[in-house]
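Notes follow once the structure below has been shown.
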Amino acid sequence: MIKAITGTKDILPSEIRKWYHLENLVKKIFHNFNYKEIRTPVFEETALFARGIGEETDIVSKEMYTFKDRSDTSITLKPEMTAGVVRAFIEHSLGEKQPLTKVFYISPMFRQERPQAGRLRQFHQFGAEALGSPSPLLDAEMIEMAYEILKNLGLKDLNVKINSLGIPSARENYKNELRKYLSDKKHKLTEESKIRFEKNILRIFDSKAEQDQEIMKNAPLLIEYLDEESKHDFEIVKTYLKNLNIPFEVEPKLVRGLDYYTKTTFEIISGKVGAQSSLCGGGRYDLLVEELGGKPTPGVGFAAGMERILLACENENVLNLPEPFIDIYIVRIDNELILKISEIASNLRKTELKVDYDYLNRSVKAQMREANKMNAKFVLFVGGDEFKNDEVVLKNLETGQQENIKLSDLNSLNNKIKNYGS
RNA sequence: GUGAGUAUAGCUCAGUUGGUCAGAGCACCAGGUUGUGGCCCUGGGGGUCGUGGGUUCAAGUCCCACUACUCACCCCA
C-alpha cells in the first residue's frame with residue numbers, strides 16, 4: 001500500500017470545517033486592516049531562499065526540499081513566504097505603484113524536519129508583509145493582527161514576546177561584546193553551542209541545555225547595546241501595544257533564526273501545544289529587499305503556523321463549530337422514481353438548498369437513517385399515492401410534522417423552509 | 001541528523017508466565033409483520049495480529065533486523 005510521505009497529512013472532509021473557519025477568519029481580519037492576498041508559486045529558484053533566509057541558517061543548510069528539474073535548474077519548495085513575497089514585490093515593481101504595499105497569504109510550506117506534535121514537513125502558514133515604511137506602527141500592527149486572529153478563535157493561553165535586534169552595526173558591536181564575555185567560558189558550552197559561537201552567536205540564547213543557560217544567564221543583553229533609533233522605535237512599538245491593550249513581555253533573549261531580521265522581532269507562544277509552542281513569529285527586515293536586488297525598502301511581517309493554531313484550539317477546547325447539516329434529504333418510496341428524484345434534487349439545488357438523496361437503492365428505513373445521520377432538516381418523500389396526485393410529502397425531522405406539497409410548488413420550497421427555521 | 005516509546009478489525013483498545021486468542025465497544029450493513037428516522041433489540045460483513053527472519057512440538061504472545069507512527073532533542077510556524 002502506498003502511504004502519504006512522512007511528515008505530510010491528508011486533511012479529511014471531517015476536518016475541513018475548522019480549516020475553513022480559520023481561513024475565513026484570517027481573510028476577514030487581514031481585509032479589515034486592508035491587506036490584500038498574494039499567491040506566489042510553491043517553488044522558487046533555490047538561490048532566492050539561500051540569499052534571503054541566509055546560507056548559514058538551519059532552514060537553508062539542512063531542511064529545504066531542493067532538487068534539480070529536467071532543465072537542471074535548482075528548485076526549492078518554499079520553506080517560508082517572505083523571500084517569495086519580496087521577490088514578487090521587486091519583480092513586479094510594486095513599490096513603484098504605491099508607497100506602501102500590504103499583503104497577506106495562506107499557503108503550504110515545506111521543510112524536511114523530523115515530524116512531531118505541531119511540526120510537519122508540509123505545513124500551512126498564514127502571514128502578512130508590509131513593504132515600504134520603517135514606521136514602528138506597522139511593527140505593532142503585525143502583532144495586533146496576529147493577536148486579533150488568535151483571540152478571535154477563543155485562545156486564552158497566549159504569550160506575546162517582543163524584542164529588538166537593532167540595526168546591523170549595533171548588533172555587530174554587541175556580538176563582539178558577547179564574544180568577549182564568552183571567550184573564557186566557551187569550553188563549557190554544549191557542542192552545538194560551540195558551533196553557534198562560530199556561525200551565529202546570538203542563537204546560543206535559544207539553547208535549552210542547562211549548562212548553556214547557566215552561562216548565558218549573566219551574559220550582556222543585546223537590548224542594552226541598541227542604537228538610538230532602534231531603541232526609540234522599540235519604545236513606540238511598546239507604547240502602541242499598551243494603548244491597544246495587548247499584553248506583552250519584553251524577552252531580551254528572543255533571537256529569531258532567520259538572518260534577515262532587524263529591529264523589532266516578536267513571537268506568540270501557546271502553553272498548549274507541546275514543545276512546538278510558537279504559534280507565530282515575525283519581525284522587521286529593513287535590508288532584505290535590497291539584499292535581493294530591489295531598491296532599499298523597509299519591511300515588516302509575520303507568519304503563523306496553522307496546524308499549531310488548530311492544535312492549540314483543540315487543546316484549549318475552543319472552536320466548537322456548529323454541526324454540519326443539509327436542508328433536504330429526498331427519500332425514494334418507489335424505486336422507479338429515481339429519474340424524477342434526480343430532477344427534483346437538481347431543481348432544488350438551483351434554489352440554493354443543500355439537497356441529497358440515496359444512490360445505493362436502499363430501503364426507506366435505511367434512507368431515513370441516512371437522512372438523520374446527515375443531520376437533514378427536512379425529508380421529502382417521493383412516491384406512493386401522493387405522487388399519483390402530483391404531490392410529495394415534506395417532513396420536518398425535528399418536529400415530525402409533515403405536509404403534502406404540490407410538485408408545481410417545489411420551486412418555492414426554499415422560502416417555506418426558511419420560514420420553518422425562524 | 002540524535003534519542004526513547006509504540007505497531008492486533010475503519011476507529012479506540014483487551015488479549016495474563018508462549019498452548020481454542022483471533023476478541024470487545026464504537027462505526028458500517030441488513031432486519032424488527034405489506035411506505036417514515038433518531039432510542040432499543042436481533043443478526044451480519046471485516047483482521048494472514050506492521051514486514052521479514054529466528055527460537056519452539058507450538059508465537060500477537062520470546063529474540064533479531066527492517067519499516068512506519070508518536071514524543072522529545074535539534075530547528076522553527
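Just so you know, these numbers use all the heavy atoms, side chains as well, and skip hydrogens, waters and symmetry mates. Per chain, numbering begins at 1; letters A, B, ... match sequence-line order. Worth saying up front: this structure is predicted, and the values here are computed from it rather than measured.
- K263(A) forms no cation-pi arrangement with Y261(A), by the criterion of a distance under 6.0 Å to the ring centre and an angle within 45° of the ring axis.
- Atom CG of D58(A) and atom C1' of A77(B) are 15 Å apart (whole Å).
- Partners of S230(A) according to the side-chain hydrogen bond (donor to acceptor under 3.5 Å, both in side chains) rule, which considers only residues two or more places apart in sequence or in another chain, are D227(A).
- Using modelled atom types and a 3.5 Å distance limit, the side chains of N176(A) and R179(A) yield a donor-acceptor pair.
- Using a 4.5 Å heavy-atom cutoff, the side chains of K175(A) and L202(A) are in contact.
- Going from the P atom of C49(B) to that of G10(B) covers 13 Å, rounded to whole Å.
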Practice prompt. Determine, for nucleotides 32-42 of chain B in 5'-to-3' order, which nucleotides have protein heavy atoms under 4.0 Å from the base (write B), from only the sugar-phosphate (write S), or from neither (write -).
Written response: B--BBBB-B--
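- Distance, I269(A) CD1 to A77(B) P: 11 Å, rounded to whole Å.
- Using modelled atom types and a 3.5 Å distance limit, the side chains of Y357(A) and Q367(A) yield no donor-acceptor pair.
- Taking 4.5 Å as the limit, some side-chain heavy atom of L380(A) sits within range of a side-chain heavy atom of I344(A).
- Residue-level contact check: L311(A) touches neither bases nor backbone, having no heavy atom under 4.0 Å from any strand.
- Counted by atom type alone, S107(A) and K78(A) present one or more donor-acceptor pairs between their side chains at under 3.5 Å.
- Rounded to whole Å, the distance from CD1 on I59(A) to P on C74(B) is 16 Å.
- As rounded to whole Å, 13 Å separates atom C1' of U70(B) from atom CD of Q276(A).
- Between R121(A) and E63(A) no salt bridge is recorded (no basic side-chain N to carboxylate O distance below 4.0 Å).
- The six-membered or imidazole ring of F67(A) lies away from that of Y65(A), with a centre-to-centre distance of 6.0 Å or more.
- A straight line from CZ of R121(A) to P of C74(B) spans 18 Å, rounded to a whole angstrom.
- With salt bridges taken as basic N to acidic carboxylate O contacts below 4.0 Å, none links R87(A) and E45(A).
- Between the P atoms of G5(B) and A65(B), the separation comes to 13 Å (whole Å).
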Between the protein and nucleotides 6-13 of chain B, list the N/O to N/O atom pairs that are separated by less than 3.5 angstrom.
none

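- Atom name C1', nucleotides G46(B) and U61(B): the rounded distance is 23 Å, in whole Å.
- Of the C1' atoms belonging to G54(B) and A22(B), the separation is 23 Å, rounded to the nearest Å.
- By the 4.5 Å heavy-atom criterion applied to side chains, T297(A) and T101(A) are not counted as neighbours.
- Looking at heavy atoms from C-beta onward, L131(A) lies in side-chain contact with Y285(A) at the 4.5 angstrom threshold.
- Taking atom P on both U70(B) and U8(B), the two are 14 Å apart, rounded to the nearest angstrom.
- Residue contacts shown for A117(A) are limited to sugar-phosphate atoms, with no base heavy atom under 4.0 Å away.
- Side-chain contact, E391(A) with N404(A): a donor N or O sits under 3.5 Å from an acceptor N or O.
- Looking only at atom types and distance, the side chain of T82(A) has a donor-acceptor partner in the side chain of Y260(A) under 3.5 Å away.
- Listed in residue order, the members of residues 280-287 of chain A having a heavy atom less than 4.0 Å from RNA chain B are C280(A), G281(A).
- Stem analysis of RNA chain B (at least three stacked-register Watson-Crick or G-U pairs, each with both distances under 3.5 Å) gives B:1-7 with B:67-73, B:10-13 with B:23-26, B:28-32 with B:40-44, B:50-54 with B:62-66.
- Ring-plane geometry between F302(A) and F266(A) is classed as tilted, the angle between the planes lying from 30 to 60 degrees on a 0 to 90 degree scale.
- Of the candidates T264(A), D139(A), D233(A), D139(A) is the only one forming a side chain to side chain donor-acceptor pair (under 3.5 Å) with R284(A).
- To the nearest whole angstrom, the two P atoms, one in C11(B) and one in U16(B), are 22 Å apart.
- Applying the 90° criterion around 0 to the glycosidic angle, G60(B) comes out syn.
- Regarding N315(A), its CG atom lies at a distance of 11 Å from the P atom of C71(B), rounded to whole Å.
- Taking the P atom of each, U67(B) and U51(B) are spaced 16 Å apart, rounded to whole Å.
- Taking atom P in both G19(B) and C62(B), one finds a spacing of 11 Å when rounded to whole Å.
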Please enumerate all protein N or O atoms sitting under 3.5 Å from an N or O of nucleotides 65-69 of chain B, with distances to 0.1 Å.
from: C69(B); atom 1: OP1; to: T6(A); atom 2: OG1; distance (Å): 3.4
from: C69(B); atom 1: OP2; to: T6(A); atom 2: OG1; distance (Å): 3.3

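- Aromatic ring orientation, W19(A) versus H124(A): perpendicular (interplanar angle above 60°, classes split at 30° and 60°).
- Atom CD in E307(A) sits roughly 13 Å away from atom P in U70(B) (whole-Å rounding).
- Two residues are said to be in side-chain contact when any heavy atoms from C-beta on lie closer than 4.5 Å; R119(A) and F123(A) fail this criterion.
- Rounding to whole angstrom units, CD1 of residue I149(A) and P of A77(B) are separated by 16 Å.
- Taking only side-chain nitrogens and oxygens, Q116(A) comes nearer than 4.0 Å to OP1 or OP2 of A72(B).
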